[in-house]
4 protein chains.
Amino acid sequence: MPTDTKDRILEAAARLFAEQGYHATGVAGILRVAGVKSGSLYHFFSSKEDLLVAVMQRHLDMLRPQFLERAAAESVTEDPLEHVFSLLGIYRRTLLVSGCKLGSPVGSLALEVGSGIPRVRVLIERYFAIWVAQVQEWLEAAGPRLPEGLERGAFAQHVLAVAEGGIVQSRASESLDPYDACVAQLRSTFELLVARSRYERDESRDSLVGEPARADESVGETEDEFEWRAW
Amino acid sequence: MPTDTKDRILEAAARLFAEQGYHATGVAGILRVAGVKSGSLYHFFSSKEDLLVAVMQRHLDMLRPQFLERAAAESVTEDPLEHVFSLLGIYRRTLLVSGCKLGSPVGSLALEVGSGIPRVRVLIERYFAIWVAQVQEWLEAAGPRLPEGLERGAFAQHVLAVAEGGIVQSRASESLDPYDACVAQLRSTFELLVARSRYERDESRDSLVGEPARADESVGETEDEFEWRAW
Amino acid sequence: MPTDTKDRILEAAARLFAEQGYHATGVAGILRVAGVKSGSLYHFFSSKEDLLVAVMQRHLDMLRPQFLERAAAESVTEDPLEHVFSLLGIYRRTLLVSGCKLGSPVGSLALEVGSGIPRVRVLIERYFAIWVAQVQEWLEAAGPRLPEGLERGAFAQHVLAVAEGGIVQSRASESLDPYDACVAQLRSTFELLVARSRYERDESRDSLVGEPARADESVGETEDEFEWRAW
Amino acid sequence: MPTDTKDRILEAAARLFAEQGYHATGVAGILRVAGVKSGSLYHFFSSKEDLLVAVMQRHLDMLRPQFLERAAAESVTEDPLEHVFSLLGIYRRTLLVSGCKLGSPVGSLALEVGSGIPRVRVLIERYFAIWVAQVQEWLEAAGPRLPEGLERGAFAQHVLAVAEGGIVQSRASESLDPYDACVAQLRSTFELLVARSRYERDESRDSLVGEPARADESVGETEDEFEWRAW
DNA sequence: AATGAATGAGAGTTCATTCAT
DNA sequence: GATGAATGAACTCTCATTCAT
């Protein structure tokens with residue numbers, strides 16, 4: 001059976017990098033938390049920077065199972081739009097349990113070391129790309145409930161921005177309020193979009209077919225519903 | 001006679017903290033950039049952390065003149081809603097001229113040292129509060145052009161989130177695209193809100209008064225206009 | 001009127017050197033205590049070492065008025081032997097009021113910088129010489145009450161040794177007990193010496209003259225008395 | 001495999017602290033003397049102060065084998081009173097070989113850092129206590145040769161005082177003379193005490209028994225002898 | 001795989017001192 | 001006489017890393 005030393009190091013490093021940042025975290029601290037001696041660390045990783053890359057790769061590996069898929073699984077409804085907020089809820093939980101000390105580890109690393117270590121930057125870019133792609137997929141799955149003109153990809157980026165930006169504010173104020181407010185506004189935007197989409201479809205339907213469409217709409221109404229849900 | 005040494009140190013520190021982060025910046029680097037010897041730095045600041053506090057205070061002092069007031073002054077129209085995007089444009093310029101290495105210095109500090117140094121965290125919190133308050137003011141100045149039900153304060157936080165979150169993505173991808181996409185979506189949301197407000201007002205007006213109001217509305221139409229403008 | 005700045009500096013330095021030692025005392029600390037800026041200090045003293053020399057000279061200047069003459073003045077009797085213990089009592093008071101943190105400033109300097117700074121060592125040597133000379137004088141003033149064979153100078157050095165050595169122990173144990181015990185033993189030795197001297201004189205008187213001397217002795221008995229007195 | 005690095009550091013530090021004092025000794029100097037790099041020192045000792053504690057502990061560990069037991073072993077006679085002077089002779093040798101630059105390392109530390117670093121002060125206190133206890137034991141082993149009324153413990157403290165105080169003076173004058181004079185006076189006191197004790201015993205014996213005791217006394221005379229011996 | 005002693009460059013900071021005002 | 005900004009060497013200590021075992 002292979003030892004778990006490497007994992008323990010990775011886990012310790014991931015935790016400390018998230019808590020304190022990369023540069024503020026000393027190798028000694030990682031060794032202490034991992035319960036490992038320096039020789040062991042350098043047996044698995046050739047440098048602290050290398051360890052950071054591995055940590056970032058680990059974040060990447062865990063993005064889908066721990067965040068994206070889990071968000072869908074934990075979502076209160078099958079509605080793909082709801083999945084988006086389920087995902088945002090996962091970040092909320094991280095803020096909550098850490099007393100707003102921890103938010104998105106990757107976002108923090110992006111700002112701290114993104115532009116300094118190319119290998120890491122590329123992984124972060126990929127991480128965000130996957131995140132955005134998944135949200136985009138959910139948005140697309142919502143089909144006509146969102147306005148035809150809405151660029152799903154750009155809007156997914158916007159969603160990520162709200163999440164990261166909300167986290168920044170909540171960490172700064174040590175309160176969930178800003179994050180909640182930001183997400184609430186995002187939800188309102190979703191409602192607005194859904195309403196607009198229905199309105200647009202109504203209009204086009206009106207001009208195209210007319211009253212008979214009304215029957216369908218009553219069904220559509222239900223599907224289109226998108227309302228506020230407490231965390 | 002006042003010397004500029006202290007300012008040179010502050011400026012150098014602010015720049016390096018923004019470029020590399022607080023922990024990755026050595027005192028030696030600050031001294032080199034400021035063209036000052038170590039003794040001088042410690043004549044004015046009792047520690048590196050103290051210097052950080054002073055830098056953060058400087059950001060706070062410059063927030064209004066350099067960002068908020070300038071955004072209003074540089075705004076392409078007198079429309080307060082446009083001021084918001086003028087402000088977002090300032091951050092865009094920072095990204096642009098730095099090759100997406102620099103975004104919002106305060107956002108970066110918030111994530112890197114926010115939770116570690118209370119004195120700094122408080123200043124960051126205040127910084128965001130002022131930022132948000134100004135945007136909220138602009139939103140309120142837009143009066144009925146935004147929906148009555150829109151919480152101006154929460155929406156201002158949302159605007160800040162989009163900015164900070166867009167910056168995170170643009171720094172990670174070393175491209176303005178994510179930032180632009182995020183801001184574009186935000187603008188769409190503004191348009192949506194303005195449209196919704198007009199719609200709501202139409203409906204109530206219809207029920208309340210009727211045609212005479214239409215005359216006013218034609219003027220209002222112009223005011224309500226809120227369309228995309230290239231950076 | 002000349003300013004007292006120089007004196008304030010000297011006093012501050014003397015106090016801090018005594019409390020913390022020479023090397024542990026920073027110029028900054030002296031400036032703070034003296035309420036003076038660095039330029040002023042270097043206006044009067046060319047270096048920290050120079051300041052030490054001046055402090056040591058001050059100790060030398062104050063030795064007679066503040067210690068030796070005061071000891072005689074404060075002595076409970078006119079007995080010169082008692083003056084010795086009056087002097088030791090002054091050091092006791094210093095220990096007492098300082099919680100055994102301060103003893104003999106010069107003794108401490110002797111051990112810390114004596115062998116390193118010749119100018120200072122010479123002053124310390126002179127200081128001890130004057131101290132010893134005074135005690136020797138008192139011992140000589142006791143005349144035949146002390147044994148003829150007792151070397152007054154060497155014994156005075158011994159007295160100084162007991163004082164300094166007692167202080168060392170009391171500072172180490174943060175208690176007056178060791179100092180008191182040492183001085184008590186010294187007093188016993190004095191009693192022993194006085195007794196021995198009387199005995200010797202008795203013997204020689206017996207062999208030389210005889211009974212008539214007894215009359216004088218009854219007076220001498222009183223003079224010879226030398227008993228323990230509480231502090 | 002145990003390396004000698006730690007010991008080399010301890011030895012170097014002990015030597016330099018004794019020669020120059022704690023504060024005047026730089027870590028760099030210790031490293032140079034020990035032939036070690038800074039990282040190594042901090043591998044074994046967490047700080048300079050910690051190193052001082054270890055040095056002091058080492059003094060404590062070496063007190064018995066290197067000073068107390070050796071004093072007894074090197075003593076010119078089996079007479080326990082002579083052991084006391086054998087011990088004082090060890091300090092004399094230290095003064096001699098160092099040109100009066102070195103005396104009692106612990107005494108110096110007591111004055112320099114005693115009251116500043118509690119951990120060190122406690123060790124110094126214990127050091128003196130053991131020293132005194134051993135001398136007290138020797139004094140007690142002398143049995144009735146010393147006066148019944150003599151407090152052995154207090155007198156042992158007095159002996160230590162004479163040693164430390166003699167060292168202070170010899171270091172200040174860069175001459176063995178003061179130390180020798182102090183020890184000589186102490187020896188005279190011993191002789192006085194022994195004589196007094198014999199006298200007291202004679203008196204009590206006279207009053208109790210009478211002439212027959214004289215036979216024993218001739219033997220006692222030899223035992224009681226306590227005379228000056230050159231170093 | 002793992003240990004922990006050893007490295008030495010560099011960290012942040014304090015130091016005594018200088019000097020123009 | 002006094003100020004306090006400026007200096008730069010030296011300080012204690014931490015850093016990421018290496019390597020013999």
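Keep in mind the model is a prediction, meaning the values are calculated, not measured.
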Student: Examine F:dA2: is either OP1 or OP2 under 4.0 Å from a nitrogen or oxygen in the side chain of C:T5? Give yes or no.
Tutor: yes
Student: Could you pull out the closest heavy-atom pair between A:T25 and A:K48, with the gap in Å?
Tutor: O-NZ, 2.8 Å
Student: Roughly how many Å is it from CD1 in D:I117 to C1' in F:dT12, rounded to a whole number?
Tutor: 14 Å
Student: Donor-acceptor pairs under 3.5 Å, side chain of residues 109-122 of chain A to any protein atom, not counting sequence neighbours: which ones?
Tutor:
unit_1, atom_1, unit_2, atom_2, d
A:E112, OE1, A:Y22, N, 2.8
A:E112, OE2, A:Y22, N, 3.3
A:E112, OE2, A:H23, N, 2.9
A:E112, OE2, A:H23, ND1, 3.2
A:R119, NH1, A:D50, OD1, 3.2
A:R119, NH2, A:E49, OE2, 3.4
A:R121, NE, B:A172, O, 2.7
A:R121, NH1, B:E174, OE1, 3.1
A:R121, NH2, A:E125, OE1, 2.4

Student: Could you tell me if the side chain of A:F17 sits less than 4.5 Å from the side chain of A:M56, heavy atoms only?
Tutor: no
Student: Using atom CZ of A:F45 as one end and atom P of F:dT18 as the other, report the distance to the nearest whole Å.
Tutor: 15 Å
Student: So which of A:D4, A:V55, A:V36, A:L31 actually passes side-chain contact (heavy atoms from CB on, under 4.5 Å) with A:I9?
Tutor: A:V36
Student: Check B:R15 with B:E11, please: is the shortest side-chain N to carboxylate O separation under 4.0 Å?
Tutor: no
Student: Calculate the interatomic distance between D:D50 atom CG and F:dT14 atom C1'; express it in whole Å.
Tutor: 16 Å
Student: Return the minimal non-hydrogen interatomic distance between B:R58 and B:A14, and the atom names on each side.
Tutor: NH2-CB, 3.9 Å
Student: Considering heavy-atom distances to DNA chain E, does A:L41 or B:Y42 have its closest nucleotide positioned more toward the 5' end?
Tutor: A:L41
Student: Between F:dT21 and E:dA1, how far apart are the two C1' atoms, rounded to whole Å?
Tutor: 13 Å
Student: State the CZ-CG distance between A:F44 and A:L51, to the nearest 0.5 angstrom.
Tutor: 12.0 Å
Student: Nearest whole Å is fine: how far is E:dT7 P from D:R8 CZ?
Tutor: 8 Å
Student: Between F:dC13, F:dG1, F:dT17, which nucleotide has the shortest distance from any of its atoms to the side chain of A:S47?
Tutor: F:dT17
Student: Between residues 12-40 of chain A and DNA chain E, which residues have a heavy-atom gap below 4.0 Å?
Tutor: A:K37, A:S38, A:G39, A:S40
Student: To the nearest angstrom, how far is C:H43 atom NE2 from F:dA2 atom C1'?
Tutor: 8 Å
Student: So do D:S98 and D:E19 actually touch side chain to side chain, heavy atoms under 4.5 Å?
Tutor: no
Student: List DNA chain E stems (3 or more consecutive Watson-Crick/G-U pairs, under 3.5 Å)?
Tutor: E:2-21 with F:2-21
Student: In whole angstrom, what separates D:K48's NZ from E:dT13's C1'?
Tutor: 15 Å
Student: I need the A:F45 CZ to A:S40 OG distance, nearest 0.5 Å.
Tutor: 11.0 Å
Student: Rounded off to whole Å, could you give me the CD1-to-C1' distance for the A:I9 and E:dA2 pair?
Tutor: 10 Å
Student: To the nearest Å, give me how far apart CG (D:D7) and C1' (E:dA6) are.
Tutor: 16 Å
